[in-house]
Structure formats: structure tokens, C-alpha cells
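A short worksheet on the structure shown next.
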2 protein chains.
Amino acid sequence: MIQNLTEHQREGLQEALAHGGQKVTAQREVVYSVLLAKRDHPTVDEVFQRARESMPGLSLATVYNCLETFVGCGLVRQVNHERESTRYCPNLAPHAHFRDDSTGRVHDIELPANVLQTLRSILPAGFETDSIEISFHGHTKNKTSRHSN
Amino acid sequence: MIQNLTEHQREGLQEALAHGGQKVTAQREVVYSVLLAKRDHPTVDEVFQRARESMPGLSLATVYNCLETFVGCGLVRQVNHERESTRYCPNLAPHAHFRDDSTGRVHDIELPANVLQTLRSILPAGFETDSIEISFHGHTKNKTSRHSN
DNA sequence: GTTGGTGTTTAGAATGATTCAAAATCTGAC
DNA sequence: GTCAGATTTTGAATCATTCTAAACACCAAC
Ligand SMILES: [Mn+2]
Ligand SMILES: [Mn+2]
Ligand SMILES: [Zn+2]
Ligand SMILES: [Zn+2]
């Protein structure tokens, strides 16, 4: 069961879409709320399954369309690991991803500004960066594994 | 035109394959020499085209097989950028990749040990890393763009 | 030097995530 | 209410990769 967007979230959506001359639609609201509701980096198909619970007529193509629109707006990031299905992440803070090879789960890893700066510094002159992606692979010793969802 | 492997390179190949109980074959030699000859991170298809110049009967499936074998041996790395075709890299030193969005070219970026260490340090307790991938996106101001190939 | 087993290569079919194309639907301005 | 433009829907197309089964190469044993 997906809760609706808060007024604040809806405004964020509306504002981001407006930048590209696009509008809030019922489908976009549902898809965005799915992403916000459970931040486990779902695949397109997982988003589709979850979104259909609140909007049964929704089509897979529309989920692809919405997600592409959000990425274009900068509202959402794509997360790729090797050749697996693309996953989606609404966390706009700079962060890296850790993919647990035993569970398949993807975790956000906070990325301090100074680390980002260090990374940029390894580029030779003439390389102008638009974005940096960092992904870790491994497994988690889940002793005190706290984290909701 | 692909030159043959040096004796040293052939030994590296043989030694790496031996670890998994596998043998050097004519096809594996050709595919590996293609990777060493032009280190521009070719896709499977590009490897295929180049390899066929010295071995016309070679099949695409074999190129996939060889590359997978090399990756399994640790002889070669896979390089993924977004959803594009996988590329292959025989550079075994720790390095990041920079993908020039205007040319599509992928460059190696040397990765100093201390930077790698800094990166590992951002992981919370309980996260055990097997590998880290770093990819930059952007474009290159090609003023004094030197670099053979 | 023939034979049999094992790993490798080959050709082609199958898969599956993603993209595309075209018709149907919605929306908001006039 | 009508129209134009944007969005959504359905189903087909794409295309990199994987799978399957048959042919082949290699080598050790006879
Ligand atoms: Mn703004
Ligand atoms: Mn060894
Ligand atoms: Zn994330
Ligand atoms: Zn490389």
C-alpha cells in the first residue's frame, strides 16, 4: 500500500517537472511515491508491481516513461550494477552505492564532500567531469544490521 | 593487423588460465592479443571484428567465451557505462574510467593507493568490499591531447 | 596409429531488458 | 464543446547477451 505524496513532496515533483515544461500526472505521482515509499533501489519491474497496487491500469511503458522523465529532471538517479536491470534512487544527496552480492541488495553510502574533492583531483588536466559514479561490491556482516524498510 | 603475443605475454596468459585448469588455445591467444594491441576498451563486437582479421573463422560466441574466461582468471576487467555494451580492459593496475560523452571514448585514470584507501574508509562498519568501480563522465578539452593509438 | 574422453568452438535459437511506433486518451485553452 | 498538444497504452521491434546442441581438437591410453 503506497501512501500519497506529502504536499511538500508534490511540490518538489511539480517544480522539477516544470523545469522541462512538463506536468504532474496521476501516473507520475504514483511512480514517484513508490520510489519515495521504499528506498531500496527498485528495478523498473519492481516499481511497476508496486505502483499497480494503487493504480491497476498502469502500464510498464509508462513506468519507463516516468522514470526517464524523472532522471531527465534530476529528481531521481539511475543505478547500474554490471549488466543487471537498472535500478532507481530518489536520494539526491551525493552518495555511492554498495551492492551486497549475497543478498542482491543495494545500500546508499554517504559521500563526504572532501572525498568527492579527492576523487576529482586524480583527473589529469583537460578532463571535465559532469558526474562520478562509485559502486562498491561485497557483502555485509549483518551483526547489528539496523535500517528500516 | 594484430601482432602476436610476446613470450612474456603468452606466459602470463598461460599462467592465468592454468589457475582455473584451462589451456591456451589459438582463439584465446588471438582475443587476448587484440586486447593488448589497442587498449581502447573495445566492446565484444569490436574485439570480434579485430580478431577476425587474423582468424577469419572465429565466432562471436567464442569471443564471448574467451572474454568471460579472462575475466574469471582476473586477466581482464569488464567496464560498464550505464546501459552501453560491456567493454574490456587488460590494464590490471588499479584505475578508474573516464568516459568522454562527446566522443564515446573511455580513458584509464590512474588510481593512487591513498585515494583507494580514502574510499574504503567511507564504508560503515560491517561492509566488506570485494571491489570498487569508479567511473567519471564528462568531456575532454583536447588541447594537448597526447596519447597514442 | 586408432580410440575415447574432455574441454573448446561453432552456429543458431532463445532470452530479457529496453525502446519504438501508432492508436487511444487526457487536458487545458479558446 | 472543440481542438491541439502532451501523455499513456499496447504490442511489436531491438539488440546485447546467454543458451543449446552439434562439430571439433587435443591428448592420453591402448
Ligand atoms: Mn527551480
Ligand atoms: Mn600463480
Ligand atoms: Zn542510492
Ligand atoms: Zn581500463
Side-chain angles (χ1 to χ4, degrees), chain A residues 13-14 16-34 41-52 54-73 75-88 99 104 106, chain B residues 13-14 16-34 41-52 54-73 75-88 99 104 106:
Chain A
L13 176 59
Q14 126 87 59
L17 287 168
H19 268 245
Q22 286 161 311
K23 294 178 293 190
V24 177
T25 65
Q27 287 85 347
R28 284 169 182 167
E29 262 189 64
V30 170
V31 171
Y32 189 48
S33 74
V34 163
H41 304 89
T43 61
V44 173
D45 229 71
E46 287 165 343
V47 173
F48 180 47
Q49 304 302 339
R50 296 177 197 176
R52 273 218 283 205
S54 19
M55 185 179 267
L58 183 69
S59 78
L60 179 59
T62 296
V63 176
Y64 272 99
N65 290 341
C66 291
L67 291 170
E68 179 186 44
T69 298
F70 297 161
V71 171
C73 288
L75 251 193
V76 161
R77 281 174 55 180
Q78 272 183 333
V79 180
N80 290 294
H81 272 92
E82 327 242 290
R83 298 264 91 212
E84 290 179 7
S85 305
T86 299
R87 297 174 174 278
Y88 291 84
R99 136 100 204 212
V106 175
Chain B
L13 176 60
Q14 126 87 61
L17 287 168
H19 269 246
Q22 286 160 312
K23 292 179 293 189
V24 177
T25 64
Q27 287 85 345
R28 285 170 180 166
E29 260 189 66
V30 170
V31 170
Y32 189 48
S33 74
V34 163
H41 304 89
T43 60
V44 173
D45 229 72
E46 287 165 343
V47 173
F48 181 46
Q49 304 303 338
R50 295 176 197 175
R52 272 218 285 205
S54 20
M55 185 180 266
L58 183 69
S59 78
L60 178 60
T62 296
V63 175
Y64 272 99
N65 291 340
C66 290
L67 291 171
E68 181 186 43
T69 299
F70 297 160
V71 171
C73 287
L75 250 193
V76 161
R77 282 174 56 180
Q78 272 182 333
V79 180
N80 291 293
H81 271 91
E82 326 242 292
R83 299 261 92 214
E84 290 179 5
S85 305
T86 300
R87 297 175 174 278
Y88 291 84
R99 136 100 204 209
V106 175

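Just so we're on the same page: letters track the sequence lines, and every chain starts at 1.
- Among residues two or more places apart in sequence or in another chain, the ring-ring contact (aromatic ring centres under 6.0 Å, His included) test is passed with Tyr88(B) by none.
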Detail all sub-3.5 Å separations between protein N/O atoms and N/O atoms belonging to nucleotides 10-14 of chain C.
unit_1  : atom_1 : unit_2   : atom_2 : d
dT10(C) : OP1    : Gly57(B) : O      : 3.4
dT10(C) : OP2    : Ser59(B) : N      : 3.2
dT10(C) : OP2    : Ser59(B) : OG     : 3.3
dT10(C) : OP2    : Thr62(B) : OG1    : 2.3

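- Atom NE2 of His19(B) is separated from atom CG of Leu75(B) by 10.0 Å, given to the nearest 0.5 angstrom.
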Could you walk me through whether Val31(A) and Val47(A) pass side chain to side chain contact (heavy atoms under 4.5 Å, CB included), step by step? CA-CA 7 Å; Val31(A) 171; Val47(A) 173; 4.0 Å; yes

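- A distance of 10.5 Å separates OG in Ser59(B) from CE in Met55(B), rounded to the nearest 0.5 Å.
- Nucleotides of DNA chain D that come within less than 4.0 Å of any heavy atom of chain A span, from the 5' end to the 3' end, dT7(D) to dT17(D).
- Remark: Arg87(A) pairs with Glu46(A) by the salt bridge (Lys or Arg N to Asp or Glu O under 4.0 Å) rule, at least two apart or across chains.
- For the pair Arg83(B) and dT18(C), the criterion of a side-chain N or O lying under 4.0 Å from OP1 or OP2 is met.
- Expressed to the nearest 0.5 Å, how far CD of Glu82(A) lies from CZ of Arg99(A) amounts to 7.5 Å.
- Atom CD of Gln14(A) sits about 10.5 Å away from atom CD of Glu29(A), to the nearest 0.5 Å.
- Two residues, Arg87(B) and Ala26(A), neighbour DNA chain D, and the one matched to the more 5' nucleotide by heavy-atom proximity is Ala26(A).
- Atom CD in Glu82(B) sits roughly 16 Å away from atom C1' in dT19(C) (whole-Å rounding).
- The distance from the OH atom of Tyr32(B) to the OG1 atom of Thr69(B) is 13.5 Å, given to the nearest 0.5 Å.
- Between the CD atom of Glu84(A) and the P atom of dT18(C) there is a distance of 11 Å, rounded to whole Å.
- Side-chain N/O atoms of Gln49(B) and Asp45(B) include a donor and acceptor closer than 3.5 Å.
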Under 3.5 Å, N/O pairs linking protein and nucleotides 25-30 of chain C:
none

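- Regarding Asn80(A), its CG atom lies at a distance of 12 Å from the C1' atom of dA17(C), rounded to whole Å.
- Summarising the geometry, the separation between OH on Tyr64(B) and P on dT15(C) is reported as 17 Å, rounded to the nearest angstrom.
- Nucleic acid contact class of Thr43(A) (heavy atoms, under 4.0 Å, all strands): none.
- Taking atom CZ on Phe48(B) and atom C1' on dT9(C), their separation rounds to 12 Å, with Å as the unit.
- Put simply, the side chain of Thr62(B) never gets that close to the backbone of Leu58(B): no donor and acceptor are under 3.5 Å apart.
- For Arg77(A), there are no salt bridge (Lys or Arg N to Asp or Glu O under 4.0 Å) partners at least two apart in sequence or on another chain.
- Protein atom CG of Leu67(A) is 11 Å distant from nucleotide atom P of dT19(C), rounded to whole Å.
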